[in-house]
Amino acid sequence: MKMFVVFVILVHVSQHASAVEVDKRDPFVLLPCDFVTDGLDEPSVVWSRYDLNPSTVHQRQQEGDELKDQNQLYSSRTSMKTDALKTGDLSLNLTKLHLSDSGSYTCTVRWFRMGRQRELRVTDIQLQVKVSQHASAVEVYDWDPFVQLPCSFPTDGLIYPSVVWSRYDLNPSTVHQRQQEGDKLKDQNQLYSSRTSMKTDALETGDLSLNLTKLHLSDSGSYTCTVRGFSRGLKKELRVMDVQLQVKERFPSWAKALLVLLVLGLLVGALLVHFRQYFMSVYQVEVDSGAESVQLPCKTTVPLPKDAKVEWRDGDNRKVHVYQNGSDQPEEQYSNYSGQTKMKRNLLKPGDLSLTLKFPRERDSNTYTCTIYNRERRSLMKKQVELKVKVYQVEVDSGAESVQLPCKTTVHLPKDAKVEWRDRYIINRKVHVYENGSDQPEQQDQVYKDRTEVKKDPLKTGDLSLTLINPTYRDTDIYTCTVYNRKEHILMEKHVELQVKVHQVEVDSGAESVQLPCKTTVHLPEDAKVVWRDRDYWKLHVYQNGSDQPEEQDSDYRGRTEMKRNLQEPGDLSLTLKYPTDWDSKTFICTVYNREGDILMEKQVELKVKVHQVEVDSGAESVQLPCKTTVHLPEDAKVVWRDRDYWKLHVYQNGSDQPEEQDSDYRGRTEMKRNLQEPGDLSLTLKYPTDWDSKTFICTVYNREGDILMEKQVELKVKVCQVEVEEGAESVQLPFRTTPDLPEDATVKWFCSDRTVHLYENRSDQPEEQDQDYKDRTEMKKDLLKTGDLSLTLKHPKETDTGKYWCGIVNKDGVILRQKTVELKVKGNIRNRSSSTDPTPLMADQSV
């Protein structure tokens, strides 16, 4: 008998060490290791933790993963790239992190040379799994109207940013999701339906805080704010903040019961004492902002005692007006109402206690209470009046030459009065100031320089209206016109709400072009510069000195835009954008500058590129992703279908398919027609779609130089297969059919949560790997890899079997070839079926 002695030589103990820190709740961590294995004989790599027994975390050989010696602490939690030993990227991916994963990890490469095994310790990684330091705690009572969970992160460096608020102890875990297009709540946990909101400009400002209303004690838990997006073509995900929310009960149940009894007692007592009084109703008064005055009515037919006191208060209990001992008491009045109120004389005679409020402002919208007291401060009468001061509204299209904000009065204003227009933006910027008989541009905010006008002699005519030149969407705001006397007391105030409408254009994804309109009747100077930008300030198109300036254009738009010539002639500055995609759904801005860089005109256009949507049932044999064109394509054109993660579904070039460029998930599952260059059909047929294929797919056509000739998106929605069965049935089938003739060495695994339901490996079932709860209860068909029928029969289904079941097909390199989710619902036993003698498996109804 021959014996082969293997000598192990330790070549080197690596000095290459690094540290990796990760949060416990992160979905995974990558431990880096690089080593050129090209040219080595039978190379393999082992990741180890020498403080554990066994020490092996993960082992990869040329044939694939070798995990028989793996420490069970890492079972189903480690993976490496399938081509690791070819590319030299030996990094380890570790998922479902635990604090106990902290430790020293060693990456070791082994190979054979001259009959001896060599070994090289490439790198040591010190992994630290921590609880996030970006955490905060928020306490709130269940009676509070809302709570805000804080989260801030600048998203301006990301492409297609989005934010997700999650609670990982719930299923589904999504509390709220916001994308650039708006809220995306299809995956939201129904416990939070209609109770969450974020600021509309959250992804622009970086304020990603979540507003939660209608609080419940069950809202207590850990909330995670995660930001996602693309940077330099790579998908990024960052866990920004963990917020521990504690919703406390303000009163225990026994205290609530006692409180109810107490309130009922007080109510009954109050009714007994005051039964003789009539019920007070709230009188409503409405007036325009800027009116000279408004009357809050309060009348009585009962004679009042001479020493009665009349008090008017607002909803914040501040004194608006006080009358006592035959005269007003201005020293008791709240300062905001000083000089603004008036009551009649001889108020105590039966009649009119109404209050006149001068120059009502928007902030005067409130509920006012008129109360009459006797000498002992007992209430003799009370009445409420609700005042609503309406704000005048003005609407104008973006790109209009000007808009007028009206403000007129018939009151005689003093010559030394000061007129001030302000916006409401953060610090109430000064829009226009008129004082001492002339405009005061040096007091004006820079944003409004050379853009405002008031008429001559406004104080004399009473017309204080403001003309705003070249209004843009940024000017949408509430503006206030205030008139002060010499002592800075307000004589008059009016509010005007301006809404600058953005022109909206809608086009289908895949259209050859779309026009973004921008027209003017103003004659522009010859040296004017026209710049089209998107909302992220990337330049689409620049026109200056009589020609386009492509060198200033952002690469995303290069070769895709066109403008007319002779732009300075009054008329058309519209931009044609070729082959629009849903990535172009955003607001675009056309700005015209003079030689000094001052803005002469600006207009916004909001483009909405509609993505074609296709819906199909899970289990269908195929689905078509449509893409058609009337354009004749060159013979050397290249057609590439990708998913949103840039994985290639199908590549067509030089008159034939290029399967070697196709990602393994889609291999053998796609088909395109021939003669694609003829104007017509570039549609793709995707076979055996599953819920994992629910995503946006992109068809792109390139010329020989790699320039995009056409692009179109199709959003595919594959409905999750749902199976329902009654407890007590003989069996139920979880369906999964896919392409036949799968690799003979492929592994098929069904599991629910973290439990293995059924494992088919090495051409046979592996019951020893099965979770105990499913022992002797599962069955798969013969020749399943040959037929492609991977359906699972589950015998004697129980109510506890309800859940989501996932089936995956993995090749010998660990690459997932196919996958599908089936949602099973086992209803409680309605009728006894245990005596059934029908051995046929129940193929339950499938629905979505």
Side-chain angles (χ1 to χ4, degrees), residues 284-296 336-342 354-366 387-397 400-425 428-441 443-445 447-472 475-501:
Q284 293 182 326
V285 175
E286 199 170 78
V287 67
D288 287 324
S289 167
E292 293 181 18
S293 65
V294 62
Q295 191 177 73
L296 310 181
N336 276 18
Y337 297 104
S338 179
Q340 199 186 344
T341 59
K342 186 180 181 183
S354 302
L355 180 72
T356 298
L357 184 64
K358 301 175 185 176
F359 299 114
R361 298 160 290 184
E362 184 202 11
R363 62 174 175 264
D364 293 325
S365 293
N366 212 325
L387 174 63
K388 179 170 176 61
V389 182
K390 295 186 296 181
V391 175
Y392 190 86
Q393 294 183 322
V394 175
E395 199 171 76
V396 67
D397 287 324
E401 293 179 17
S402 65
V403 62
Q404 190 178 76
L405 310 181
C407 182
K408 296 183 180 182
T409 180
T410 58
V411 176
H412 181 78
L413 299 173
K415 291 183 179 180
D416 56 359
K418 176 183 178 181
V419 182
E420 196 172 84
W421 278 91
R422 285 181 180 263
D423 64 17
R424 192 172 278 188
Y425 179 84
N428 299 114
R429 299 175 299 191
K430 289 182 181 178
V431 179
H432 194 97
V433 179
Y434 181 92
E435 192 175 17
N436 299 325
S438 64
D439 299 324
Q440 306 295 318
Q443 296 189 39
Q444 191 177 34
D445 188 88
V447 171
Y448 298 102
K449 286 286 184 186
D450 303 319
R451 295 181 58 216
T452 59
E453 269 179 19
V454 297
K455 296 183 178 180
K456 290 183 178 180
D457 301 323
L459 298 175
K460 185 176 181 181
T461 63
D463 189 352
L464 312 177
S465 303
L466 180 75
T467 298
L468 180 62
I469 302 167
N470 295 328
T472 75
D475 295 321
T476 295
D477 207 339
I478 293 178
Y479 294 82
T480 305
C481 175
T482 310
V483 182
Y484 301 91
N485 65 13
R486 184 178 2 184
K487 297 179 180 178
E488 290 292 316
H489 292 151
I490 295 175
L491 302 177
M492 169 192 157
E493 191 170 273
K494 181 175 181 176
H495 305 279
V496 181
E497 183 175 353
L498 174 62
Q499 177 70 42
V500 183
K501 295 187 298 179

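Basis for what follows: all heavy atoms, side chains included, without hydrogens, waters or symmetry-related copies.
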From W421 atom CH2 to L405 atom CG, the distance as rounded to the nearest 0.5 Å: 5.0 Å
Using the salt bridge (Lys or Arg N to Asp or Glu O under 4.0 Å) criterion, which residues pair with E497? Sequence neighbours excluded. none
Does D450 CG have over 12 foreign heavy atoms under 6.0 Å away? no
Kindly indicate whether the side chain of K501, heavy atoms from C-beta on, has any atom under 4.5 Å from the side chain of E395. yes
The reported gap from CE in M492 to SG in C407 (rounded to nearest 0.5 angstrom) is 3.5 Å
Give a yes or no on whether the backbone of R486 and the side-chain of E488 come within a donor-acceptor separation of less than 3.5 Å. no
Is there a donor-acceptor pair closer than 3.5 Å between any side-chain N or O of D423 and the backbone N or O of Y479? no
Non-hydrogen side-chain atoms of V496 and P406 separated by less than 4.5 Å: yes
Would you indicate whether the side-chain heavy atoms of Y448 and H432 approach each other to under 4.5 Å? no
Under 4.5 Å between any side-chain heavy atoms of T480 and E493, yes or no? yes
Between CD on residue Q440 and NZ on residue K430, distance to nearest 0.5 Å: 10.0 Å
Is there side-chain contact between V454 and L464, with heavy atoms separated by less than 4.5 Å? no
Could you tell me if the side chain of K494 sits less than 4.5 Å from the side chain of K408, heavy atoms only? no
Kindly indicate whether the side chain of L498, heavy atoms from C-beta on, has any atom under 4.5 Å from the side chain of V396. yes
Decide yes or no on side chain to side chain contact (heavy atoms under 4.5 Å, CB included) for T461 and K455, but give the supporting numbers first. CA-CA 9 Å; T461 63; K455 296 183 178 180; 5.7 Å; no
Within the distance-only criterion (no hydrogens, no angle test), does the side chain of T467 pair as donor or acceptor with the backbone N or O of T452 below 3.5 angstrom? no
Do F359 and V411 touch side chain to side chain, with heavy atoms closer than 4.5 Å? yes
With sequence neighbours left out, write down each residue that passes salt bridge (Lys or Arg N to Asp or Glu O under 4.0 Å) with K460, or none if nothing qualifies. none
Could you tell me the separation between the CD1 atom of I478 and the CD atom of Q393, rounded to the nearest 0.5 Å? 8.5 Å
From the list D288, T356, V389, L357, side-chain contact (heavy atoms from CB on, under 4.5 Å) partner of V294 resolves to L357
With side-chain contact (heavy atoms from CB on, under 4.5 Å) as the test, pick out the partner of V419 among L459, V433, L491. L459
R424 with D477: basic N within carboxylate O range, under 4.0 Å: no
If I take atom CZ from residue R422 and atom CG from residue D445, how far apart are they, to the nearest 0.5 angstrom? 10.0 Å
Residue K342 excluded, over 12 heavy atoms near NZ under 6.0 Å: no
Regarding S289 and H495, do their side chains bring together a donor and an acceptor under 3.5 Å, going by distance alone? no
Keeping T476 on the side-chain end and V500 on the backbone end, is there a donor-acceptor pair under 3.5 Å? yes
Measuring from Q404:CD to L468:CG, what's the distance to the nearest 0.5 Å? 11.0 Å
Quick check: are there more than 12 heavy atoms from other residues, nucleotides or ligands sitting under 6.0 Å from OH of Y392? no
R451 to T472 - nearest heavy-atom pair and separation: NH2-N, 4.4 Å
Quick one: does any side-chain atom of K415 pair with a main-chain N or O of G437 as donor and acceptor, under 3.5 Å? no
